[in-house]
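Single-structure report; data block below.
This is a predicted model, so every value here is computed, not measured.
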Amino acid sequence: MSFLRRRNATPAGPEFDVLAMDPGDWPGNLGAGLLPAPDGTCQGVFLRYDLFGGRGPAMIIGNLPEGSPAREVAEDEVPFEVGQLLLALENDEDVTVVGTEDMPVLQGDNLLIVRRLKLSESRISCVQFDRSDGVLVTIAAWDRPITDDLYALLKPLPAELFQQG
């Protein structure tokens, strides 16, 4: 796995649970990135799931706490995770948000209000929801729809996954 880290010896880990799919539940490779603030706090975590066989990135899941600058986007601007997906795909197309739709989804015993973003690039699926602790979760997928059964796979990942051994 590759991680973005501060340059000093102490790794910067998230101060919140990262909601994502367990790496063992995904049939490919997982990469993770931390968004450090100048003071060393973690301003977000994004996980990139790639398919086997070098077929490229399939999905990016981001977790951005309140106050993270990556959450501040204009109304028609794509979320940070969509931008990361486009970068990973080496796609420099100008993509914008053309509409949103709110829908209720059950995740275990929790009711989520999921915001489905409609983008100018129809091959990208993107959804967002707020967790009870104020963390914004964004899922961006390339060339595959995001269905309700995906939410059942989401769970907090252990903190030690984001620390150097």
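Across Ala141 and Leu85, no two heavy atoms sit closer than the pair C-CD2, 3.9 Å. Scanning all heavy atoms of the two residues, the minimum distance from Leu34 to Cys42 falls at CD2-SG, 4.2 Å. Closest heavy-atom contact between Gln43 and Ala37: CG-CB, 3.4 Å. Scanning all heavy atoms of the two residues, the minimum distance from Cys126 to Pro79 falls at SG-CG, 4.0 Å. Here the closest non-hydrogen pair linking Asp94 and Ser120 is O-OG, 3.9 Å. For the residue pair Gly134 and Arg71, the shortest heavy atom distance occurs at O-NH1, 2.8 Å.
Annotation: the span from Asp76 atom CG to Leu119 atom CG amounts to 11.0 Å, rounded to 0.5 Å. Between Gln84 atom CD and Leu35 atom CG the span is 7.5 Å, to the nearest 0.5 Å. Distance check: Leu47 CG to Glu81 CD gives 10.5 Å after rounding to the nearest 0.5 Å. The line from CZ of Phe16 to CG of Asn63 is 6.0 Å long, rounded to the nearest 0.5 Å.
Between Arg115 and Leu136 there is a side-chain heavy-atom pair separated by less than 4.5 Å. Residues Thr100 and Arg116 form no side-chain contact, since every pair of their non-hydrogen atoms from C-beta on lies 4.5 Å or further apart. Considering only heavy atoms from C-beta on, Ile124 comes within 4.5 Å of Trp142 through its side chain. For the pair Gln128/Leu117, a side-chain contact is recorded, criterion being any heavy-atom separation below 4.5 Å from C-beta on. Inter-residue side-chain proximity for Leu154 and Ile61 is flagged as met; some heavy-atom pair is nearer than 4.5 Å. Inter-residue side-chain proximity for Thr41 and Glu15 is flagged as met; some heavy-atom pair is nearer than 4.5 Å. Side-chain contact check for Arg131 versus Asp17: some heavy-atom pair is nearer than 4.5 Å. Looking only at side-chain heavy atoms (C-beta outward), Leu112 and Leu106 stay at 4.5 Å or farther from each other.
Under the 3.5 Å distance criterion, the side-chain polar atoms of Glu93 are left unmatched by any main-chain donor or acceptor of Val95.
Annotation: Glu90, atom CD; neighbour count of heavy atoms from other residues, nucleotides and ligands within 6.0 Å does not exceed 12.
Linking ILVMFWY side-chain heavy atoms closer than 4.5 Å, directly or via other members, places Leu153 and Met59 in a single hydrophobic cluster. Hydrophobic clustering, with ILVMFWY side chains joined whenever heavy atoms are under 4.5 angstrom apart, groups Met103 together with Val127.
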Evaluate Val97 against Glu77 for side-chain contact (heavy atoms from CB on, under 4.5 Å), listing each step before the verdict. CA-CA 6 Å; Val97 175; Glu77 191 177 331; over 6 Å; no
Is there a side-chain contact (heavy atoms from CB on, under 4.5 Å) between Thr138 and Phe129? Walk through the geometry before answering. CA-CA 7 Å; Thr138 302; Phe129 59 90; over 6 Å; no
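Neither side chain, Glu66 nor Ser68, offers a donor N or O lying under 3.5 Å from an acceptor on the other. No donor-acceptor contact under 3.5 angstrom links the side chains of Arg48 and Asn29, judged on distance only.
Ile113 pairs in a side-chain contact (heavy atoms from CB on, under 4.5 Å) with only one of the listed residues (Asp102, Asp130, Val105), which is Asp102.
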